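Here the structure comes first, spelled out in structure tokens, and everything after it is commentary.
Because the structure is predicted, anything quoted here is derived from the model rather than measured.
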Amino acid sequence: GRSGLWVEVEGRVERVLPDDLEGSRHQRFILRLPGGHTLLVSHNIDLAPRAPVAVGDALAARGRYEWNRRGGVLHWTHHDPAGRQPGGWLRLDGESYR
């Protein structure tokens with residue numbers, strides 16, 4: 001039940017969801033972690049390039065974790081435009097998206 005934690009995770013893309021277009025645009029997908037838990041990844045595509053994810057892809061991510069009953073959300077998977085913190089990233093097939 002903790003939130004606001006910077007985490008690094010690895011898993012497989014289980015489902016690709018439609019983009020969230022309200023406010024800043026976010027690419028969304030479900031990542032299944034090795035322990036079986038799932039995590040919604042919400043990647044800001046107004047601040048970072050879209051990652052070309054597909055179901056079954058192995059992906060690593062760094063971002064801020066926010067707890068919810070469905071497994072949580074990982075956001076801030078992009079650079080910090082103000083340069084105050086390291087920010088996050090997505091890594092897919094040797095490429096980084098931040």
Side-chain angles (χ1 to χ4, degrees):
R2 296 182 62 195
S3 291
L5 305 172
W6 284 94
V7 298
E8 290 185 22
V9 298
E10 293 183 7
R12 292 224 171 251
V13 176
E14 182 166 286
R15 198 164 83 199
V16 177
L17 304 171
D19 290 350
D20 176 359
L21 302 176
E22 291 187 29
S24 296
R25 298 173 308 141
H26 287 78
Q27 174 183 12
R28 301 179 315 144
F29 54 91
I30 304 293
L31 191 65
R32 181 158 301 273
L33 305 178
H37 290 21
T38 58
L39 181 65
L40 171 63
V41 177
S42 183
H43 180 63
N44 188 321
I45 53 176
D46 284 337
L47 294 175
R50 176 185 299 277
V53 298
V55 171
D57 285 347
L59 180 124
R62 179 179 192 276
R64 282 184 60 130
Y65 174 78
E66 301 296 334
W67 180 87
N68 68 32
R69 291 183 185 161
R70 293 182 170 174
V73 178
L74 188 68
H75 68 109
W76 263 91
T77 56
H78 55 81
H79 69 282
D80 177 1
R84 292 184 288 235
Q85 55 189 333
W89 40 259
L90 299 178
R91 286 201 185 119
L92 176 68
D93 296 329
E95 294 291 326
S96 291
Y97 303 86
R98 59 180 320 266

(request) If you link ILVMFWY side chains whenever their heavy atoms are less than 4.5 Å apart, which other residues fall into the same cluster as L17? By chain and number, please. (result)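 Its cluster partners, ordered by chain and number, are I30, L40, V73.
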(message) Show me the pairs that pass side chain to side chain donor-acceptor pair (under 3.5 Å) and involve residues 67-76, at least two apart or across chains.
(response)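 Side chain to side chain donor-acceptor pair (under 3.5 Å) check on residues 67-76 returns E66-H75.
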(message) Suppose the criterion is ring pair (Phe, Tyr, Trp, His ring centres under 6.0 Å): which pairs have a residue in residues 11-62, not counting sequence neighbours?
(response)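 The answer is none; no pair qualifies.
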(message) I'd like to check L92 versus P52 (side-chain heavy atoms, cut-off strictly below 4.5 Å). Are they in contact?
(response)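 In short, these two side chains touch, coming nearer than 4.5 Å.
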If Ile, Leu, Val, Met, Phe, Trp and Tyr residues are connected whenever their side-chain heavy atoms lie under 4.5 Å apart, and connections chain through other members, are [X] and [Y] in the same group?
{"X": "L5", "Y": "L39", "value": "yes"}
{"X": "V41", "Y": "V13", "value": "yes"}
{"X": "W6", "Y": "L47", "value": "no"}

(request) Examine distances only and state if a side-chain atom of Q85 and a backbone atom of D80 form a donor-acceptor pair shorter than 3.5 Å. (result)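 No; judged by distance alone, with no hydrogens or angles, the pair does not exist.
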Solution key, residues 54-65 side-chain donor-acceptor pairs under 3.5 Å, sequence neighbours excluded:
residue: D57; atom: OD2; partner: A54; partner atom: N; Å: 2.7
residue: R62; atom: NH1; partner: G87; partner atom: O; Å: 2.2
residue: Y65; atom: OH; partner: G71; partner atom: O; Å: 3.1

(request) Determine which pairs satisfy salt bridge (charged side-chain N to carboxylate O under 4.0 Å, His left out) with at least one residue from residues 10-27, sequence neighbours left out, and list them in order. (result)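 Found E14-R32, D19-R50, R25-D46.
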(message) Per the salt bridge (charged side-chain N to carboxylate O under 4.0 Å, His left out) rule, what does the pair list look like for residues 84-98, sequence neighbours excluded?
(response)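 Listed once each, the pairs would be none.
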(request) Run through T38, V53, V9 and flag the one making a side-chain contact (heavy atoms from CB on, under 4.5 Å) with L31. (result)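 Among T38, V53, V9, the one that satisfies the side-chain contact (heavy atoms from CB on, under 4.5 Å) with L31 is V9.
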(message) Which heavy atom of A51 sits nearest to which heavy atom of L90, and what is that distance?
(response)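 Between these two residues, the closest heavy atoms are CB-CD1, 3.9 Å.
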